[in-house]
Amino acid sequence: MKKLRIATFNINGIRARLPNLLEWLEREKPDIACLQELKAADKDFPAAELESVGYGAIWHGQASWNGVAILARDAQPLESRRGLPGGDDDSHSRYLEAAVHGVLVGCLYLPNGNPQPGPKFDYKLAWFERLIQYAQGLQASDHPVVLAGDYNVVPTDMDIYNPRSWLKDALLQPESRACYQRLLDQGWTDSLRHLYPDERIYTFWDYFRQHWQKNSGLRIDHLLLNPVASAYLSEAGVDAWVRNQPHPSDHAPTWIRLASRKRR
DNA sequence: ATGGCCTAGTAACTAGGA
């Protein structure tokens with residue numbers, strides 16, 4: 001496998017954020033980028049603009065909300081799945097999967113689940129159950145698999161500046177955390193936490209109360225690796241400078257590097 | 001305990017986000 005930089009970025013509106021997205025792609029040059037919250041219908045996806053900076057793409061759009069895409073530098077992702085299994089009555093565009101650059105990449109946007117308790121939280125947990133069931137097969141694949149996206153889960157209290165004002169939030173509920181842990185227990189590696197077991201790392205800073213300026217963040221964007229992929233994990237990080245740009249998304253791109261030099 | 005901010009959609013507001 002050649003060296004690969006794989007990123008996930010909740011873009012919070014791809015049309016409103018297109019200049020930010022293009023600048024980030026040109027500066028960081030990820031080989032693969034998973035995007036969430038396109039908030040755009042399929043016909044409004046800016047495929048030509050992405051093509052002009054060297055990225056092929058597939059996308060699963062939706063007007064107003066949700067929407068996911070997979071971008072590939074100098075390549076065209078080969079779509080392998082659109083939507084999780086068992087979602088016949090699920091109209092949300094939240095999962096897209098492709099083979100690209102020798103890796104199978106699942107791009108996911110897990111439901112937020114607020115307010116909880118309530119039907120939205122029930123939907124979050126039901127969606128999570130479908131993901132857990134489907135991920136079991138991916139985990140066991142002989143090929144490298146990356147499950148990247150906005151999981152809308154703060155895994156532990158170490159992944160948030162201060163849990164106090166978020167205790168009732170769906171992102172911190174024991175049920176949400178238990179689902180995430182069950183996913184890890186299948187044999188997935190949480191890339192950033194694996195490489196930085198003791199560090200405060202955030203990927204999201206809400207727009208309120210100057211949380212970015214105060215670095216009051218949450219770690220909710222995750223890149224999970226199956227055992228084949230985790231053998232290649234060499235670096236990980238957050239492109240926090242993107243959060244500091246004018247008119248930013250409330251998330252920052254989060255990335256890993258896979259390279260053959262650190263085989264275990 | 002609430003709202004603070006932001007995007008999209010339809011036309012001064014609402015819904016949804018996290």
Side-chain angles (χ1 to χ4, degrees), chain A residues 8-22 24 34-46 59-69 90-95 107-128 131 148-177 179-180 192 200-222 238 240 242-254:
Chain A
T8 181
F9 184 19
N10 181 319
I11 192 84
N12 188 14
I14 194 168
R15 286 171 292 170
R17 215 75 62 200
L18 190 57
N20 307 54
L21 175 61
L22 295 177
W24 170 65
C34 297
L35 303 181
Q36 301 88 34
E37 280 210 86
L38 304 178
K39 296 185 175 179
D42 281 338
K43 65 176 174 55
D44 296 321
F45 186 84
W59 58 95
H60 188 196
Q62 184 174 341
S64 303
W65 301 303
N66 311 315
V68 287
D90 186 354
S91 61
H92 295 198
S93 299
R94 293 184 179 275
Y95 187 83
C107 171
L108 65 98
Y109 175 46
L110 210 134
N112 170 303
N114 282 308
Q116 75 78 34
K120 291 186 177 176
F121 191 60
D122 296 341
Y123 173 65
K124 175 180 193 151
L125 296 180
W127 202 94
F128 224 144
L131 176 65
D150 178 357
Y151 282 73
N152 270 315
V153 176
V154 174
T156 74
D157 286 353
M158 199 179 155
D159 300 301
I160 183 170
Y161 63 102
N162 183 345
R164 195 181 60 221
S165 57
W166 296 79
L167 288 176
K168 291 182 178 175
D169 195 281
L171 279 61
L172 277 73
Q173 292 314 297
E175 295 93 331
S176 307
R177 289 175 161 180
C179 282
Y180 188 72
L192 274 83
R200 296 270 170 177
I201 302 169
Y202 306 133
T203 67
F204 164 86
W205 299 258
D206 72 27
Y207 292 122
F208 309 134
R209 294 171 296 198
Q210 297 196 301
H211 273 170
W212 164 249
Q213 288 80 357
K214 297 175 182 171
N215 193 28
S216 297
L218 285 62
R219 191 175 74 95
I220 56 177
D221 300 279
H222 308 301
V238 179
V242 177
R243 183 64 179 80
N244 204 41
Q245 293 293 94
H247 307 293
S249 168
D250 38 10
H251 296 248
T254 306

*Between A:Arg17 and B:dT7, does any side-chain N or O lie under 4.0 Å from OP1 or OP2?*
yes
*Name all residues meeting the side-chain hydrogen bond (donor to acceptor under 3.5 Å, both in side chains) criterion together with A:His92; count only those two or more places apart in sequence or in a different chain, and write none if there are none.*
A:Arg94, A:Tyr123
*Any residue meeting side-chain hydrogen bond (donor to acceptor under 3.5 Å, both in side chains) with A:Tyr180, in chain and number order, not counting sequence neighbours*: A:Asp190
*Out of B:dA1, B:dG17, B:dA8, which has the shortest distance to the side chain of A:Tyr207?*
B:dG17
*Take A:Asp150 and A:Ala16, find for each the nucleotide of DNA chain B with the closest heavy atom, and name the residue whose nucleotide sits nearer the 5' end.*
A:Ala16
*Let me have a per-nucleotide readout for nucleotides 10-16 of chain B, 5' to 3', with B, S or -, counting only protein heavy atoms under 4.0 Å.*
------B
_Could you tell me how far apart A:Leu38 (CG) and B:dG9 (P) are, to the nearest whole angstrom?_
12 Å
*How would you list, by chain and number, every residue that makes a side-chain hydrogen bond (donor to acceptor under 3.5 Å, both in side chains) with A:Thr254, sequence neighbours excluded?*
none
_Listed partners of A:Asn244 passing side-chain hydrogen bond (donor to acceptor under 3.5 Å, both in side chains), at least two apart_ = A:Trp212
*Closer to the 5' end of DNA chain B via nearest nucleotide, is it A:His211 or A:Leu171?*
A:His211
*Given B:dC6, is OP1 or OP2 found less than 4.0 Å from the side-chain N or O atoms of A:Arg209?*
no
*Would you find a donor on one side and an acceptor on the other, under 3.5 Å apart, between the side chain of A:Arg15 and the backbone of A:Lys39?*
yes
_Between C1' on B:dT7 and CZ on A:Arg15, what's the gap in Å once rounded to a whole number?_
9 Å
*Could you list the residues that satisfy salt bridge (Lys or Arg N to Asp or Glu O under 4.0 Å) with A:Arg243, not counting sequence neighbours?*
none
*Find the distance A:Trp166:CH2 to B:dG17:C1' and express it as a whole number of Å.*
10 Å
